[in-house]
Amino acid sequence: MSTIIAPSILSANFARLADEIKKVEDAGAEYIHIDVMDGTYVPNITLGSPVVKSLRPYSKAVFDVHLMTEHPETHIKSFADAGADIITFHAEAARHSHRVVQQIHDAGCKAGVAINPGTSLSMIEELVEDVEMVLIMTVNPGFGGQKFIESMLGKIHMLYHMIREMETECDIEVDGGINAETSVLVREAGANVLVAGSAIYCAPDIAQAIKDIRGKEIVHHHD
Ligand code: DX5
Ligand code: ZN
């Protein structure tokens, strides 16, 4: 499975978002990772659906919206209408997580479910067959530039095998502390969608940073 790079605009210059998106798109990024924080589920507030709607005409890339909000069900329609392609919500924030998945599909988007470092895979096991993507947080959500949590590698590996045992198809996205070094580790463990904020937007050469994070293709031997 080839690697998809999803630069997180959290580390971009918010005064020039359209240009910042174009930069990573021209440099080969497939997705644009849009971090939505509500000031409650996580301490900060970032941006809402009007910003996504304004950016949509400026980009052909897949808009990968990461909802770090309470009550994710209340935000789905507005982000779908604004032009989101994938909407990912946190399992910890949803009381009826399976219904949220249905709502995302009904809104015409691909559905992703995210879990924090302290949350076990068992919380989303029943959703794996119904979502297009599982997001394994490799830092605690809320801030860019944090250190990758190594113990998440086992979780990624377990999810990779769980997906194969279920004979289903589902992307594994990782988010937090991803750079050229940690990229190798998460890809070996089975991740195929890599979010990176600071490692891309704070790099002197964005195209080179994306290339380094993408790395060489890893062949998985199914055991
Ligand atoms: C963290 C966000 C991330 C963040 C990652 O809560 O979900 O997408 O931008 O930033 P880096 O890549 O700098 O760890
Ligand atoms: Zn994110």
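Remember, it's 1-based here, ligands and their atoms both numbered in the order they're listed. We count residues from 1, following the sequence as given.
Looking only at heavy atoms of the protein, atom 1 (C) of ligand 1 is closest to F143 O, 3.5 Å. Residue, atom and distance of the protein heavy atom nearest to atom 12 (O) of ligand 1 are G197 N, 2.7 Å.
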Given salt bridge (charged side-chain N to carboxylate O under 4.0 Å, His left out), test R56 with D85 step by step and report yes or no.
CA-CA 11 Å; R56 187 66 279 187; D85 297 290; 3.0 Å; yes
Under the salt bridge (charged side-chain N to carboxylate O under 4.0 Å, His left out) rule, what do K22 and E25 come out as? Steps first, then yes or no, please.
CA-CA 5 Å; K22 190 174 185 314; E25 213 178 321; over 6 Å; no
Dump the intermediate steps for ring-ring contact (aromatic ring centres under 6.0 Å, His included) on H157 and H161, then the final yes or no.
CA-CA 6 Å; H157 193 71; H161 282 285; 4.7 Å; yes
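For ligand 1, the polar-atom distance check finds an N/O of G177 within less than 3.5 Å of one of the ligand's N/O atoms. At least one N or O atom of G145, backbone or side chain, sits closer than 3.5 Å to an N or O atom of ligand 1. Polar contact check, N140 against ligand 1: no nitrogen or oxygen pair lies under 3.5 Å apart.
Residue P141 approaches ligand 1 through these ligand atoms, each under 4.0 Å from one of its heavy atoms: 6 (O). Numbered from 1 in the order shown, with element, the atoms of ligand 1 that lie under 4.0 Å from a heavy atom of A196 read 12 (O). Within the listing of ligand 1, atoms 6 (O), 7 (O) sit less than 4.0 angstrom from a heavy atom of M68. Heavy-atom contacts of G142 reach the following atoms of ligand 1: 1 (C), 6 (O) (cutoff under 4.0 Å). Near D35, with a cut-off below 4.0 Å to any heavy atom, the atoms of ligand 1 are 2 (C), 3 (C), 4 (C), 7 (O), 8 (O), 9 (O). Near V195, meaning under 4.0 Å from any of its heavy atoms, are these atoms of ligand 1: 8 (O). Close contacts of ligand 1 with G144, meaning ligand atoms under 4.0 Å from a residue heavy atom, involve 10 (O), 13 (O). Heavy-atom proximity to D175, at under 4.0 Å, picks out these atoms of ligand 1: 2 (C), 3 (C), 4 (C), 5 (C), 7 (O), 8 (O).
An angle of 90° is found at the Zn ion (ligand 2) between D35 atom OD1 and H33 atom NE2, rounded to 10°.
When non-hydrogen atoms are compared, ligand 1 lies under 4.0 Å from the backbone of S198 as well as from its side chain.
Closest of all the heavy-atom pairs between E20 and N13 is OE2-N, 2.7 Å.
The aromatic rings of Y41 and H90 sit tilted relative to each other, their planes meeting at an angle between 30° and 60°.
Partner of R214 under the side-chain contact (heavy atoms from CB on, under 4.5 Å) criterion, out of I5, I4, L194: I5 alone. Applying the side-chain contact (heavy atoms from CB on, under 4.5 Å) test between I136 and each of L121, V186, D175 identifies L121 as the sole match.
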